[in-house]
Visitor: 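Please see the structure below; I have some questions.
Because only heavy atoms are used, hydrogens play no part in the values below, and waters and symmetry mates are left out as well, while side chains stay in. Just so it is clear, the model here is predicted, and its values are computed rather than measured.
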Amino acid sequence: MQEAAGVLKEGFLVKRGHVVHNWKVRWFVLLQDKLLYYKFEGGKKESSPKGRILLDGCTITCPCLEYENRPLLIKLRTKTNTDYFLECCSREERDSWALDITGAIHAGHPVQVQELHRMKNSFKLLENISLHHIVDKMRDSSTGIKLTRNLEQGNRYKETFTGSALVDWLISNNFAVSRFEAVTLASMLMEENFTKPVGTRSIEAMRYSDLSEQFLDDSTALYMFAESSKKMLSSKEELQFNISELSGMIVKQGFLVKQGHKRKNWKVRKFVLRAEPAFLHYYDPTKEENKPVGGFSLRGCLVSALEDNGVPAGVKGNVQGNLFKIITKNDIHYYIQASSKAERTQWIEAIKPLT
């Protein structure tokens with residue numbers, strides 16, 4: 001997975017299939033004029049691409065909210081009207097991919113690049129904008145903002161939305177052009193008491209930040225409609241995983257390749273690292289339900305990089321490299337593969353202080 005000449009960006013994304021609309025993880029490589037994608041089999045990227053997306057004449061939609069259970073999508077429509085849906089592991093990652101793909105699409109058209117930067121940096125709210133109108137649209141049962149149950153610092157809330165979900169929704173519904181505009185609009189909704197913060201992160205920002213930073217464009221800051229009471233989930237609605245495990249603040253998240261415990265096969269998983277309490281959970285990114293398929297406490301764990309010369313004991317298959325190992329307090333060994341040495345180092349440095 002080393003960077004090739006002319007590669008602008010590469011990494012794992014989840015792609016919707018064309019014939020059967022199932023979701024598969026693919027390794028994407030962005031070049032100046034095309035986006036290549038590869039299958040990842042047995043712990044290794046295949047040598048020839050599975051497919052390519054030609055960027056000339058492409059249009060990009062981001063945020064794309066066509067799939068309500070997949071809020072981190074980018075939609076690409078080619079010159080021949082073929083649609084590609086690509087899902088990222090976090091909003092930051094999605095916005096980074098969208099910016100780089102947009103830059104590649106417009107690379108041969110400097111005027112459009114300038115216009116893009118002008119739009120990003122401009123700040124002009126729609127004239128005569130009605131906050132009541134926005135709230136009515138937000139509440140629409142089919143096209144409004146999706147309300148979800150959330151966990152935050154041990155509390156369980158019904159009918160909340162995250163700061164970044166609201167920003168996405170405002171942009172996709174053409175109430176704002178840039179994230180900066182959307183944050184300003186979201187702040188106005190809060191000031192006028194249409195929405196309110198719930199949970200530690202958003203309430204602390206409201207209390208202690210400057211006026212311009214009181215609303216958080218963040219996937220861990222929770223908000224709800226102001227007249228909704230703070231409804232807690234009943235015990236019957238308990239999640240499969242212990243509430244406290246999933247209540248810590250997200251420190252890092254991303255796609256990594258993990259060796260299975262029983263079959264010893266390699267699968268791409270979305271890893272989420274949380275602190276206070278310190279847990280590492282992993283999810284199947286091809287599935288819609290946002291529940292971990294596994295996870296463990298980091299207290300008492302050992303984490304270390306594995307040498308790339310030869311296959312270490314305990315590792316099966318012909319792997320790409322950049323391996324690291326986590327041994328839990330109960331002596332369970334997890335073998336994980338990053339996409340580069342730098343990424344491996346970042347994960348180990350993020351995990352170590354939490355052990």
Visitor: Are Y282 and V272 close enough that some pair of their side-chain heavy atoms sits under 4.5 Å apart?
Guide: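 A side-chain contact is absent here, since even the closest heavy-atom pair is not under 4.5 Å.
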Visitor: Ring of W266, cation from K258 - is the NZ or CZ under 6.0 Å from the centre and inside 45° of the axis?
Guide: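 Geometry flag: not set, cation outside 6.0 Å or 45°.
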Visitor: Compare every heavy atom of L8 with every heavy atom of A104, then report the nearest pair and how far apart it is.
Guide: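 A104 and L8 have their closest heavy atoms at CB-CD1, 4.1 Å.
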Visitor: Taking NZ in K352 as the centre, count heavy atoms belonging to other residues, nucleotides or ligands within less than 6.0 Å. Is the count above 12?
Guide: no
Visitor: Where the side chain of T160 meets the backbone of T148, is there a donor-acceptor pair that is under 3.5 Å apart?
Guide: yes
Visitor: Find out if a path of hydrophobic residues (ILVMFWY) with successive side-chain heavy-atom gaps under 4.5 Å connects I327 to L354.
Guide: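 No, separate clusters.
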Visitor: Given 3.5 Å as the limit, does a donor-acceptor pair link the side chain of T143 with the main chain of D140, or not?
Guide: no
Visitor: If you take all heavy atoms of N265 and K267, which pair is closest and at what distance?
Guide: ND2-CE, 3.6 Å
Visitor: Contact between D218 and S164 at the side-chain level, heavy atoms closer than 4.5 Å - yes or no?
Guide: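 Side-chain contact under 4.5 Å: no.
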Visitor: Looking only at the aromatic ring of each residue, does the gap between the centers of Y334 and F324 stay below 6.0 angstrom?
Guide: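 Not close enough - the centres of the two rings lie 6.0 Å or further apart.
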Visitor: Hydrophobic clustering (ILVMFWY, side-chain heavy atoms < 4.5 Å, transitive) - are L54 and I60 grouped together?
Guide: no
Visitor: Taking the six-membered ring where the residue is Trp, are the ring centres of F271 and Y283 under 6.0 Å apart?
Guide: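 Not under 6.0 Å, so no.
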Visitor: Start with the C-alpha distance between F40 and Q320, add both sets of side-chain angles, then the distance that settles side-chain contact (heavy atoms from CB on, under 4.5 Å), and finish with yes or no.
Guide: CA-CA 10 Å; F40 202 85; Q320 200 94 34; 4.0 Å; yes
Visitor: For residues E245 and R274, report the shortest heavy-atom separation together with the two atoms involved.
Guide: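 Scanning both residues, the minimum pair turns out to be O-CD, 3.9 Å.
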Visitor: Please round to the nearest 0.5 Å and tell me the distance separating atom NZ of K75 and atom CG of L73.
Guide: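 Here the interatomic distance stands at 10.5 Å.
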Visitor: Would you name the heavy atoms of C301 and T328 that are closest together and state the gap between them?
Guide: SG-CA, 3.6 Å
Visitor: Apply side chain to side chain donor-acceptor pair (under 3.5 Å) to T286 and list each qualifying residue two or more places apart in sequence or on a separate chain.
Guide: D284
Visitor: Roughly how far apart are L30 CG and L55 CG, rounded to 0.5 Å?
Guide: 6.5 Å
Visitor: For W97 and L86: C-alpha separation, side-chain torsions, deciding distance, then whether side-chain contact (heavy atoms from CB on, under 4.5 Å) applies.
Guide: CA-CA 10 Å; W97 269 103; L86 312 176; over 6 Å; no
Visitor: R91: what forms a salt bridge (charged side-chain N to carboxylate O under 4.0 Å, His left out) with it, not counting sequence neighbours?
Guide: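 Once residues adjacent in sequence are excluded, the partners of R91 under the salt bridge (charged side-chain N to carboxylate O under 4.0 Å, His left out) criterion are D168.
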Visitor: Any link between M190 and M188 through a network of hydrophobic side chains (Ile, Leu, Val, Met, Phe, Trp, Tyr) touching at under 4.5 Å?
Guide: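 Hydrophobic grouping puts M190 with M188.
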Visitor: Taking side chain as C-beta onward, heavy atoms only, is L170 less than 4.5 Å from L166?
Guide: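 In short, these two side chains touch, coming nearer than 4.5 Å.
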Visitor: Can you tell me how far apart CD1 (I105) and CG (D100) are? Round to the nearest 0.5 Å.
Guide: 11.0 Å
Visitor: Excluding sequence neighbours, so at least two apart, what forms salt bridge (charged side-chain N to carboxylate O under 4.0 Å, His left out) with E41?
Guide: K39
Visitor: Can we call the ring centroids of Y38 and F28 under 6.0 Å apart?
Guide: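 Centroid distance Y38-F28: not below 6.0 Å, so no.
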Visitor: Determine yes or no for a side-chain-to-main-chain donor-acceptor pair under 3.5 angstrom, with S96 supplying the side chain and E92 the backbone.
Guide: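 Side chain of S96 to backbone of E92, a donor-acceptor pair under 3.5 Å: no, none is there.
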Visitor: Before giving the answer on side-chain contact (heavy atoms from CB on, under 4.5 Å), spell out for R94 and C62 the whole-Å C-alpha distance, their side-chain angles and the decisive distance to 0.1 Å.
Guide: CA-CA 8 Å; R94 181 201 60 190; C62 179; 3.7 Å; yes
Visitor: Looking only at the side chains, is there a donor atom on one of E343 and S339 sitting less than 3.5 Å from an acceptor on the other?
Guide: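 Yes, S339 and E343 have a side-chain donor paired with an acceptor closer than 3.5 Å.
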Visitor: Between K34 and I53, is any pair of side-chain heavy atoms under 4.5 Å apart?
Guide: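 No. Closest side-chain heavy atoms not under 4.5 Å.
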Visitor: To the closest 0.5 Å, what do you measure between CG (L35) and CZ (R52)?
Guide: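 It comes to 11.0 Å.
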Visitor: Check the angle between the aromatic planes of Y335 and H333 and answer parallel, tilted or perpendicular using the 30° and 60° thresholds.
Guide: tilted
Visitor: Let's go through H18 and Y84 carefully: what are the C-alpha distance in whole Å and the side-chain angles of both, what is the deciding distance for ring pair (Phe, Tyr, Trp, His ring centres under 6.0 Å) to 0.1 Å, and is it a yes or a no?
Guide: CA-CA 8 Å; H18 278 305; Y84 290 88; 4.6 Å; yes
Visitor: Are any non-hydrogen side-chain atoms of F296 and K329 less than 4.5 angstrom apart?
Guide: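 The answer is no, as the side chains (C-beta and beyond) never meet within the 4.5 Å cut-off.
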Visitor: Treating S90 as the side-chain partner and E93 as the backbone partner, does any N or O pair qualify as donor plus acceptor under 3.5 Å?
Guide: yes
Visitor: When you group the ILVMFWY residues by side-chain heavy-atom contacts below 4.5 Å and let the links chain together, are L302 and L280 in the same group?
Guide: no
Visitor: Going by atom types only, do T59 and R77 share a side-chain donor-acceptor pair under 3.5 Å?
Guide: no
Visitor: So, do I250 and L273 sit near enough that their side-chain heavy atoms are less than 4.5 Å apart?
Guide: no
Visitor: Taking T355 for its side chain and I351 for its backbone only, find out whether a donor-acceptor pair lies under 3.5 Å.
Guide: no
Visitor: When rounded to the nearest 0.5 angstrom, what is the spacing between SG in C58 and CG in D33?
Guide: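 C58 atom SG to D33 atom CG measures 11.0 Å (nearest 0.5 Å).
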Visitor: Give the intermediate values and the outcome of side-chain contact (heavy atoms from CB on, under 4.5 Å) for residues D83 and L76.
Guide: CA-CA 6 Å; D83 288 343; L76 290 176; over 6 Å; no
Visitor: Distance-only, no hydrogens or angles: does the N330 side chain make a donor-acceptor pair with backbone N or O of I332 under 3.5 Å?
Guide: no
Visitor: Distance check, rounded to the nearest 0.5 Å: L216 atom CG versus E204 atom CD?
Guide: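 Answer for the CG-CD pair, L216 versus E204, is 10.0 Å.
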Visitor: Is the NZ or CZ atom of R269 both under 6.0 Å from the centre of the six-membered ring of F255 and within 45° of that ring's axis?
Guide: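 Relative to the ring axis of F255, which defines the angle, R269 lies outside at least one limit.
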Visitor: Are K252 and W347 in a cation-pi contact, defined as NZ or CZ under 6.0 Å from the six-membered ring centre and within 45° of the axis?
Guide: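 So K252 does make the cation-pi contact.
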Visitor: Below 4.0 angstrom, N of the basic side chain to O of the carboxylate: do R179 and D95 qualify?
Guide: yes
Visitor: Applying the 4.5 Å side-chain criterion to the ILVMFWY set and letting contacts propagate, would L72 and V25 be lumped into a single cluster?
Guide: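 In one cluster with L72: V25, no.
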Visitor: Does K270 reach the main-chain N or O of C89 with its side chain, forming a donor-acceptor pair under 3.5 Å?
Guide: yes
Visitor: Please report the closest heavy-atom contact between V167 and A182, naming both atoms and the distance.
Guide: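 Of all heavy-atom pairs spanning V167 and A182, the closest is CG1-CB, 3.7 Å.
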Visitor: For Y37, does the six-membered ring have the charged nitrogen or CZ of K50 within the cation-pi criterion, i.e. under 6.0 angstrom from the centroid and within 45° of the normal?
Guide: no
Visitor: Give a yes or no answer on whether the side chain of S202 reaches the backbone of P197 with a donor-acceptor pair at less than 3.5 Å.
Guide: no
Visitor: Answer whether the closest heavy-atom distance between the side chains of V257 and F12 falls below 4.5 Å.
Guide: yes
Visitor: What about H21 and F85, are their ring centers closer than 6.0 Å?
Guide: no
Visitor: Closer than 3.5 angstrom, by distance alone: can the side chain of R344 be matched with the main-chain N or O of L323 as a donor-acceptor pair?
Guide: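 Such a contact is found between R344 side chain and L323 backbone.
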Visitor: Decide whether W23 and E87 meet the rule of one side-chain donor and one side-chain acceptor closer than 3.5 Å.
Guide: no
Visitor: Could you pull out the closest heavy-atom pair between C88 and I74, with the gap in Å?
Guide: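 Reported closest heavy-atom pair: SG-CD1, 4.1 Å.
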Visitor: For residues H132 and F194, establish whether the separation of their ring centroids is below 6.0 Å.
Guide: yes
Visitor: Contact between R201 and I203 at the side-chain level, heavy atoms closer than 4.5 Å - yes or no?
Guide: no
